[in-house]
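Since the structure comes first, as structure tokens, the remarks are kept for the end.
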Amino acid sequence: MDKLRIQTPEGISFSFLLASPISRMLAWLVDFGCVLAVTALLGQAAALLSIVSPDVAQAAYLLLYFVISIGYGIAFEWHWRGQTPGKRLVRLRVLDARGLHLELNQIVLRNLLRAIDSLPLLYAVGGVVSLLNRYSQRLGDLAGNTIVIRNPVIVQPDLDKLIRGRFNSLLSYPHLAARLRHLASPQAAGIGLEALARRDELDAPARVVLFGEIADYFRGLVEFPLEATEQISDEQYVRNVVEILFRTA
């Protein structure tokens with residue numbers, strides 16, 4: 001199985017491309033190199049402890065490596081919404097297994113269990129578990145209820161053509177627009193964009209139903225004031241959301 005399919009209560013179906021163990025190993029090698037570089041830099045201070053005792057210096061270096069390796073994954077996956085430098089380079093991303101927003105406790109748990117997944121060497125335990133798991137989850141993913149997906153390249157859309165210069169009432173509330181950017185997943189943004197790009201391929205009844213479901217999903221993420229939404233159709237609401245998610249300042 002190379003895909004995970006999730007259907008929301010609103011009836012919208014999401015399909016995620018699961019990362020293979022090989023791509024995850026490539027991402028880990030990049031991150032491992034970064035961790036070693038940082039540890040070597042900061043480990044110079046630990047080396048001074050060899051004056052007291054070589055054993056104390058070695059213990060301090062191992063503790064430093066453990067703290068950096070765990071903190072590295074937690075910090076980057078939280079700040080970059082499920083990505084580390086290695087995952088970003090290989091185009092992978094960590095997600096909640098139910099398609100929900102990734103929580104900090106999930107990130108912490110999956111990274112803490114790296115110590116077990118990496119046993120006895122080169123993530124042997126985690127690799128075996130992911131090969132036997134239908135969603136390629138290691139122990140940390142199972143405990144944190146997370147998955148790792150392939151993050152495909154999203155071609156920059158011609159927003160001027162799709163939006164057609166219409167007034168976006170949602171932009172009058174920048175704090176809510178920023179919250180929407182934070183909560184909306186790349187997959188949901190892609191669905192909204194594709195619906196706009198292919199609207200002319202749908203007949204009128206199907207188009208009304210489709211944009212109604214997508215609009216309801218985004219409304220469930222962030223509630224804008226009534227005066228910003230009551231005079232616009234579901235299709236225009238989706239168009240406004242897509243502009244917020246894709247257009248750079």
Side-chain angles (χ1 to χ4, degrees), residues 1-6 16-47 49 53-151 185-186:
M1 177 178 289
D2 62 350
K3 290 184 179 180
L4 172 65
R5 301 184 186 277
I6 298 174
F16 300 104
L17 297 174
L18 297 172
S20 67
I22 294 177
S23 63
R24 294 184 66 171
M25 177 59 70
L26 292 175
W28 173 78
L29 288 174
V30 174
D31 291 328
F32 181 64
C34 294
V35 170
L36 284 183
V38 175
T39 304
L41 182 63
L42 298 180
Q44 296 177 2
L49 294 175
S53 169
D55 293 335
V56 172
Q58 184 177 8
Y61 186 85
L62 292 175
L63 179 61
L64 181 65
Y65 170 78
F66 176 79
V67 171
I68 291 175
S69 63
I70 300 301
Y72 171 94
I74 294 173
F76 276 111
E77 287 180 2
W78 177 247
H79 182 67
W80 281 355
R81 299 178 62 187
Q83 288 187 307
T84 59
K87 289 186 178 69
R88 177 168 287 193
L89 183 64
V90 186
R91 304 202 64 81
L92 305 181
R93 184 181 297 274
V94 181
L95 291 180
D96 178 272
R98 298 160 295 176
L100 302 176
H101 178 65
L102 192 63
E103 299 292 343
L104 179 60
N105 65 304
Q106 294 176 287
I107 295 174
V108 172
L109 187 57
R110 74 183 305 276
N111 278 282
L112 285 176
L113 286 180
R114 288 185 185 278
I116 298 178
D117 278 312
S118 61
L119 295 175
L121 186 67
L122 297 176
Y123 275 77
V125 171
V128 171
V129 172
S130 65
L131 288 173
L132 297 177
N133 186 277
R134 61 185 303 193
Y135 298 132
S136 299
Q137 295 168 294
R138 61 177 178 82
L139 290 177
D141 291 315
L142 293 172
N145 197 30
T146 58
I147 57 172
V148 180
I149 65 165
R150 285 181 280 160
N151 198 33
S185 67

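This is a predicted model, so every value here is computed, not measured.
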With sequence neighbours left out, what residues match Trp80 under ring pair (Phe, Tyr, Trp, His ring centres under 6.0 Å)?
Phe76
Smallest separation among heavy atoms of Pro21 and Leu131, with atom names:
CG-CD2, 3.8 Å
CG on Asp2 to CD1 on Ile149, rounded to 0.5 Å:
12.5 Å
Arg110 meets the side-chain hydrogen bond (donor to acceptor under 3.5 Å, both in side chains) criterion, sequence neighbours left out, with Glu77, Asp141, Thr146
So CZ of Arg91 and CG of Leu26: to nearest 0.5 Å the spacing works out to 15.0 Å
Ile147 and Gln137: side-chain contact (heavy atoms from CB on, under 4.5 Å), yes or no, with the steps?
CA-CA 6 Å; Ile147 57 172; Gln137 295 168 294; 3.8 Å; yes
side-chain contact (heavy atoms from CB on, under 4.5 Å) between Lys3 and Leu18, intermediate numbers included
CA-CA 5 Å; Lys3 290 184 179 180; Leu18 297 172; 5.7 Å; no
Sorted by chain and number, sequence neighbours left out, side-chain hydrogen bond (donor to acceptor under 3.5 Å, both in side chains) with Ser23 holds for Ser20
Going from CG on Leu109 to CG on Leu104, what distance comes out if it is rounded to the nearest 0.5 angstrom?
11.0 Å
Take Val148 and Arg93, measure what side-chain contact (heavy atoms from CB on, under 4.5 Å) needs, and give me the verdict at the end.
CA-CA 6 Å; Val148 180; Arg93 184 181 297 274; over 6 Å; no
Ignoring hydrogens and geometry, is there a side-chain-to-backbone donor-acceptor pair from Arg24 to Ser136 under 3.5 Å?
yes
Do you know which two heavy atoms are closest between Ala19 and Leu92, and how far apart they sit?
CB-CD2, 3.6 Å
Considering all heavy atoms, the nearest Ala27-Lys87 contact:
CB-N, 3.8 Å
Donor-acceptor contact present, side-chain Asp117 to main-chain Leu139, <3.5 Å
yes
Please list, one pair per line, the donor and acceptor atoms closer than 3.5 Å that link side chains of residues 31-42 to other protein atoms, with sequence neighbours excluded.
| residue | atom | partner | partner atom | Å |
| --- | --- | --- | --- | --- |
| Asp31 | OD1 | Tyr72 | OH | 2.6 |
| Asp31 | OD1 | Thr84 | OG1 | 3.3 |
| Asp31 | OD1 | Gly86 | N | 2.7 |
| Asp31 | OD2 | Thr84 | OG1 | 2.6 |
| Thr39 | OG1 | Val35 | O | 2.7 |

Which pairs with one or both residues in residues 107-134 pass ring-ring contact (aromatic ring centres under 6.0 Å, His included), sequence neighbours excluded?
Trp28-Tyr123
If I compare all heavy atoms of Gly73 with all of Ile107, which pair ends up nearest, and what's the gap?
O-CG2, 4.3 Å
Mind running side-chain contact (heavy atoms from CB on, under 4.5 Å) on Val94 and Gln106 for me, showing each step along the way?
CA-CA 10 Å; Val94 181; Gln106 294 176 287; over 6 Å; no
Once salt bridge (Lys or Arg N to Asp or Glu O under 4.0 Å) is applied, do any residues pair with Arg98, and if so which ones, sequence neighbours excluded?
Asp96
Please give me the minimum heavy-atom distance between Leu4 and Ala97, naming the atom from each residue.
CD2-O, 3.6 Å
